Amino acid sequence: MTDYRIKGETGEWEVVIGLEVHAQVTSNAKLFSGAATAFGAEPNTQVSLVDAAMPGMLPVPNRECIRQAVRTGMAIDAQINKWSRFDRKNYFYADLPQGYQISQLYHPLVGEGSLTIEADEKAGIDEAKRIAIERIHVEQDAGKLMHDQHPTMSFVDLNRSGVALMEIVSKPDMRSPAEAGAYLRKLRAILRYVGSCDGNMEEGSMRADVNVSVRKPGEALGTRTETKNVNSVRFVMQAIEYEAKRQVEVLESGGTVDQETRLFNPDSGTTRTMRSKEDAHDYRYFPDPDLLPLELDDAFLDECRASLPELPDAKRARYEAAGISAYNAGVLTAEVESARWFDALLDAGAEPKAAANWMTSELFGALNRLGREIADSPVGPAQAAELLGLVADGTISGSIAKQVFEIMLETGDDAAEIVEDKGLRQTSDTGAIEAVIAEVLAKNPNQLEQYRGGKEALFGFFVGQTMKAMQGKANPQVVNELLKKALG
Amino acid sequence: MMTDLTNLTVAQIRDGHRAGDFSAVEVAEAFNANVAAAKALNAFIVETPEQALGAAKQADADRAAGTLKPLSGVPIGMKDLFATKGVQTTAASHMLEGFVPRYESTVSQKLWDAGAGMLGKLNLDQFAMGSSNETSFFGNVISPWKRNDGGNAALAPGGSSGGSSAAIAARLCPAATGTDTGGSIRQPAAFTGISGIKPTYGRCSRWGIVAFASSLDQAGPMARDVRDCAIMLQNMAGFDPKDATSLDLPVPDWEAALSSDLKGKKVGIPREYRLEGIDPDIDAMWDAGIAMLKDAGAEVVEISLPHTKYALPAYYIIAPAEASSNLARYDGVRYGLRDLPQGAGLQDMYAATRAEGFGPEVKRRIMIGTYVLSAGFYDAYYTQAQKVRTLISRDFSAAFETCDVILAPTAPSAAFGLGEKTADPLSMYLNDVFAVPASLAGLPAMSVPAALNREGLPLGLQIIGKAFDEQGVLNAGLAIEERAGFTARAEKWW
Amino acid sequence: MAIDQATVKKIASLARIAISDAEAAAMEGELNNILGWVEQLGEVDVSGVEPMTAVIPNTLRLRDDIVDADPLTGGNRRDDVLANAPEPQHGFFGVPKVIE
Ligand SMILES: [Mg+2]
Ligand SMILES: [Zn+2]
C-alpha cells in the first residue's frame, strides 16, 4: 500500500496510473520483413520494399518475434493465446508508410498476467505489491520524423518502421510515481532476463505511454490523459507527478480533464497537448486480410517455456533460502548481468553468504570506482571464487583478501599466485603466534594491567597488536584462542 | 502465305515455335504490329514492343540451344496491376502515373522465367474497381465487339480486366494476366467471347500486385481457350513465401490432365441463380450449357445456395473496407502523386493528393469502406458481412457434398454500352451478381464463351469448382468449349 | 441509417480525401443509396456464426529471423526505396514540416 497523495486545496487526491510499455523485441530482422533492426544505421538503409509500403507488398511474420513475445508472456505468468490475430490500426502520419499499423486489438497473443514490485520503504512502498498486466500484443514500430534539418520540411527515416514491438499494458494498479518506477524497473529486469528486449531506454528500446488520472480516495476513476513515449524511469515518474498536479489544479479550479494525448518535455519536466494526434481517435481497427490467424502448437509453446531462464523472483527466493540477506538478494537479482555473474561465482564453488557480501561490497565498490559495468569486470567469477576459497579455508584472512583483490584488479593475476608470490599466506602455527603474543604482552604492561583489572574491552587491542605484528597473516581464530589463554 | 500468327493460340504458338514452323521474333513482330494498330481500343497503357522482341530473340536462341522453356516464343499482355521492374505500373490511376517499380511481381516474374515476353501493360478499371473499364484514369477501353443492330455503340469490354479481355479478343495478344476480386477476370471474359479462370484463393501469389481487397484478390489467366488458360495458369501459380496467404501446394500439370469426359461427374445447378426477369438469352444459354455437360457424360443435379442474394451486399462491405485500408499508402510521401497546395501541412497534403489522385469510383469505395469500419458501425456492417461470408462459404461446402462442379451464367447480361451504367453505381455493381459468391468463398471459377445473344454479342458460362480443384473446372470448361463451338470473333473496325 | 452531408465530410476527413460542398452533396445520395442496399444483410440470422477468418483452410506461416535473406523483402536498398519519392532529401523522404 502506498499513501502517496496530492494535497490540493479541497483535500487529498489519489493518483491512478497505468502504463503501456512499448518494448522492442530482440530480433535480427523486422516483424514482417527481412530488413535489419540494428540501432544507428544511415537513414533509410534498413528499409525493405515491404517496410516502405510499396504497392503490392505483403507482410510475413517473423517467428522469433512471436517466440519472444510468448516467452515474455510466460515470464509474467500470463495466459498465452494459442489463437491470435493481427489487426490493422488505421491512421495517417508521415512515419506510418502503410497508412495503418499492424497490431493486435481483438485477439492479442498474450492475455492477463502480473508482476510483483518489492517493498521499498525509502520510496514509500511499504510492502510488496502485485501489479496486474492486462495483455501483451505484438505490433509494428513506426518510422522516425526529423524536424530540425530543414526550415520548411520534416524528414522521414523508415529504419525503425516495421521493427517488432511488444506492447505491455498494465492495469491501472499503480498509485504513486515510485510504484510506477518500480514497475518499470521490474518489467525491464524481466525482459532482460528473458532476453526478449534489451531494455535500452536511451535508444528507444523501451518507451512508456503513461496513463494518469486523479480522484478523491474512494471515488470512481477520473478521466485519464495519456502521455506518449516517455523514455526513462525518471521521466515517467516526473510526468506522473506533473500530470497529477496539473489535473488536480484543473479540477479544483472547476475545470474538467480532457481525455487526450500529451507529450512530455524532459527539459522542463512538464507535459502538453499533442497537436498531431487530435483527430486520430477513430482507428477503424479490422483484422489484417493479408495475414491469417496465428495458431501456435504445443511444441512451439513447450520450446518457449523450456528456454526460459530462472526469473528474478525465483532467483531471489533461492538466494534467500541459501542464507543470503533479503537486501543482498534484491541487489544481486536487480540486473540480469549481476545475477548471472553471481550464479557463476556460486557454480565455481563460493559459499553463498560470503560470496553475496563480497560481491555487493567489494566487487560493486571496485567497479564503481573503476567506472565499469559488471560485464567487463577485470576479475571474473572463477577468479573471485578462488579468492573467496582462500579466505574460507583459512589460507588468507579477510583483510589480506582485500589486498589480494586490489592486486588482482590491477594485474589480472590469480589470487593463489599473488598469495604465494607475496608470501601472504596466513599462519596457524601456534608456536610462532605464542611467541608474538608474549612479545605484545611484554611491550604493553599498562594495558595488560588494566585488562586484568577488569577492562575486558582491551581484548580487541591485543588482537590488533598481534595481527599487526604478524602483518595480518595470522589466523584470527587461532590468535583469539591463544590470546584468551595467555591473558588467563 | 503463312497463316496470320496472331490467330494462333498459346499452345499453337508454343508448339509451332518448338517445331520450327516460325520464329519467336516473327510472332512478337506480328503481335507488336497489331498492338500498334489498335490504339482505338485503348487496351494498353504502356506498350513494350522491345521487351516482347527481346524475349522472342531469347526464345529463338533457346530453341537453337535446345533449352526451350514452357512459354518460349509466347508474347503476352500484363494487366497494369502487376508491378513490373523498370516499366511504369499505374493500376490505371493518376495516383501512380509515372511510378516505375524497382521490383517485379511474383506472378509476372514466373511468366518471364517461363520464357514469355511482354507486349505491354494493359488498361483496367482504376485500382481494379469497376466492371466496365470506365474508371481508368487513362481512358475507357473499347470492346472490339459491336452489336449487330447496325448501330455503332461503343461497348464495355467488362472490368476490371477490360484491357486484357479486349486485347485478347482483338488478337493483340494470345493471352494476358487478369486479377479477379469479385468477377474481374470472368465478367470481362464473358463480355468479349474469351476464357478466363480465377484459381483457388492463394494459388497465385499476390506479392507485387497492387492490392484492392486482400482477402479476395486473385490473379489468373485470360486467353482464347481452356487449354491456354491451363498453360498460363500453371506458369503463374505456385507457393510464394513472400505472401502469407499463399497455398503451399504443388502446381499440377493442368494441361496434361485436361479431359472433357465428364462421366461420373455431377454438375450442380443452383436454384437461386435463376433470377426473375433475366435476359431470356442468358437462361437459354444456361440450358444449352446443361445439355452440353450431360452430353459430356455428367449427371445434372439441382442444388441450393440459399445465401446467394446476400453475396453482393456482403462483398460491397468487405471489399471497400479492405480497399479503404489498402489504399491508405497512397499519401504522396514515398512515391506517386503529391499535391502540395501553397502553405499546406502534412494532413492537407494527404487530402489534396488523394482528392487529385483517386478517381470518383475509387473515392466512393474508400468512403464506404471508411464508413463501415468507423467507430460504432464496425459490427453492424463489417462483422455482419464476414458472418454472412461464412454462411455463403458453407452453402458451397454443402452443395459440393452432392456435386463436383457448379454451372451458372457468368454475368446477367451481355456487354452493355459505355456510359449506360455509370450514372448509377449500384446498377454497375449488380452486374457481378453471379461472379461474387465464388470470390467470397475463395473458390476456383472460370468463364468460357458459350453463345451469341440476339444482338450478336458473346455470352459466357461459369463453372465453379471445389477449393483446389482447378482441374475439374477446366475439364468442365473444355467440355462446354468443345460442344459450344464458339468461333465468333469481333469484326475488325479499329 | 441514412447519413447526412456532415457525416460525408467526416468520413472524407478520416479517409484524407479533400471534398468540396458540391462533391459532398453528390456523394451523400450515392452513399445512402449503396448503404441502404447493403443494409439488407441485417436480415440474415447469423446467430452462432463466426465471422470468416481464412477463406481457404490455411494457417499462418512464420518466417525465419534472418536479415536480407531475400533481397525482395530485405533492406539495404535505399536507392530503390527512394527511387520514386516526390521529394527525396539527403536519403530521407521530405514532407511539409510537421508540428507535433
Ligand atoms: Mg498506447
Ligand atoms: Zn502500441
Side-chain angles (χ1 to χ4, degrees), chain B residues 99-100 102-103 200-202 207 215 241-242 244-245 247-248 307 310 313-314 316-317 324 331-338 340 344-352 354-355 358 363-364 366-368 370-371 374 380-381 383-391 393 425-426 429 440-442 467, chain C residues 1 3 7-8 10-20 23 26-27 30-31 33-47 49-58 60-63 70-73 77 79-87 93-99:
Chain B
F99 173 68
V100 180
R102 297 288 189 102
Y103 53 96
T200 309
Y201 180 81
W207 196 89
S215 75
K242 298 190 297 304
T245 59
L247 290 170
D248 192 358
H307 296 91
Y310 300 105
Y316 274 97
I317 289 171
S324 71
D331 59 7
V333 173
R334 296 163 316 286
Y335 48 79
L337 183 75
R338 168 180 293 193
L340 184 58
L346 181 72
Q347 300 295 343
D348 299 329
M349 179 185 94
Y350 292 155
R354 292 163 62 78
F358 293 139
K363 287 183 196 171
R364 195 147 44 227
I366 291 176
M367 294 282 286
I368 290 175
T370 303
Y371 180 70
S374 66
Y381 287 107
T383 308
Q384 178 76 6
Q386 289 288 22
K387 287 179 177 173
V388 171
R389 190 176 182 184
T390 299
L391 291 173
S393 184
L426 207 48
Y429 298 172
L440 287 172
Chain C
M1 177 179 352
I3 57 173
T7 309
V8 172
K10 204 192 113 212
I11 303 164
S13 158
L14 262 181
R16 297 297 186 278
I17 298 174
I19 54 169
S20 64
E23 285 167 320
M27 222 174 240
E30 287 170 1
L31 296 189
N33 201 13
I34 296 165
L35 290 168
W37 168 69
V38 299
E39 265 160 24
Q40 61 180 294
L41 282 185
E43 300 164 7
V44 184
D45 178 5
V46 293
S47 42
V49 178
E50 286 297 315
M52 174 76 80
T53 51
V55 61
I56 294 297
N58 196 0
L60 185 58
R61 261 173 298 104
L62 301 174
R63 183 171 46 82
D70 180 344
L72 291 175
T73 56
R77 48 188 308 168
D79 290 350
D80 293 337
V81 166
L82 286 163
N84 286 282
E87 188 68 65
F93 300 95
V95 294
K97 193 157 215 113
V98 178
I99 299 140

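If you're wondering where the values come from, they're calculated on a predicted model, not measured in any experiment. Naming: A, B, ... by sequence-line order, numbering from 1 per chain.
In this structure, chain C has a heavy atom under 4.5 Å from the side chain of Thr200(B), while its backbone stays farther away. Looking at Thr7(C), only its side chain comes within 4.5 Å of chain B, counting heavy atoms on both sides. Proximity to chain C (any heavy atom under 4.5 Å) is restricted, for Ala441(B), to the backbone atoms N, CA, C and O. With a 4.5 Å cut-off on non-hydrogen atoms, Thr383(B) touches chain C through its backbone and its side chain both. Looking at Asp70(C), only its side chain comes within 4.5 Å of chain B, counting heavy atoms on both sides. Only the side chain of Asn58(C) comes within contact range of chain B, with at least one heavy atom under 4.5 Å from a heavy atom of that chain. Only the backbone of Ala344(B) comes within contact range of chain C, with at least one heavy atom under 4.5 Å from a heavy atom of that chain. Heavy atoms closer than 4.5 Å to chain C are found in both the backbone and the side chain of Leu346(B).
Between the side chain of Glu30(C) and the main chain of Arg364(B), no donor-acceptor pair closer than 3.5 Å is present. Side-chain N or O atoms of Arg77(C) include one that pairs as donor or acceptor with a backbone N or O of Arg102(B) at under 3.5 Å. Between the side chain of Thr370(B) and the main chain of Ile11(C), no donor-acceptor pair closer than 3.5 Å is present. Not a single donor-acceptor pair under 3.5 Å links the side chain of Arg334(B) to the backbone N or O of Phe93(C).
The two residues Ile17(C) and Ala355(B) make their nearest non-hydrogen contact at CG2-CA, 4.1 Å. Met349(B) approaches Pro96(C) most closely through the heavy-atom pair SD-CD, 3.5 Å. Taking each heavy atom of Tyr201(B) and Val55(C) in turn, the nearest pair found is CD2-CG1, 3.4 Å. Across all their heavy atoms, Tyr335(B) and Pro86(C) have their closest contact at N-CD, 3.8 Å. Closest non-hydrogen pair, Thr390(B) versus Pro51(C), comes out as OG1-C, 3.4 Å.
For the options Val46(C), Thr73(C), Leu41(C), Ile56(C), heavy-atom pairs under 4.5 Å to chain B are most numerous at Leu41(C). The greatest number of non-hydrogen atom pairs below 4.5 Å with chain B, out of Arg63(C), Met52(C), Gln40(C), is found for Met52(C). Considering only heavy-atom pairs separated by less than 4.5 Å from chain B, the leading option among Gly94(C), Ala54(C), Ala18(C), Ala85(C) is Ala18(C). Of the listed residues (Lys387(B), Arg389(B), Lys242(B)), the greatest number of heavy-atom pairs within a distance under 4.5 Å of chain C belongs to Lys387(B). Contacts with chain C were tallied for Ile366(B), Val333(B), Asp348(B), Leu340(B); Val333(B) has the most, counting heavy-atom pairs under 4.5 Å.
In this structure, the side chains of Leu31(C) and Tyr371(B) stay at 4.5 Å or more apart for every pair of heavy atoms. Considering only heavy atoms from C-beta on, Val38(C) comes within 4.5 Å of Tyr381(B) through its side chain.
Considering CD of Glu43(C) and CD of Gln384(B), their distance stands at 10.0 Å, rounded to 0.5 Å. Once rounded to the nearest 0.5 Å, the distance linking CH2 of Trp37(C) with OH of Tyr316(B) reads 7.0 Å. We find the CD1-CD1 distance between Ile34(C) and Ile317(B) to be 11.5 Å, quoted to the nearest 0.5 Å. Taking CD1 of Ile19(C) as the reference point, atom CZ of Arg354(B) lies at 13.0 Å (rounded to 0.5 Å). Taken to the nearest 0.5 Å, the CG atom of Asp248(B) stands 6.0 Å off from the CZ atom of Arg61(C). Atom CG in Leu391(B) sits 8.5 Å away from atom CG in Asp45(C) (nearest 0.5 Å).
Counting heavy-atom neighbours within 6.0 Å of Lys10(C) NZ, excluding the residue itself, gives a total of 12 or less.
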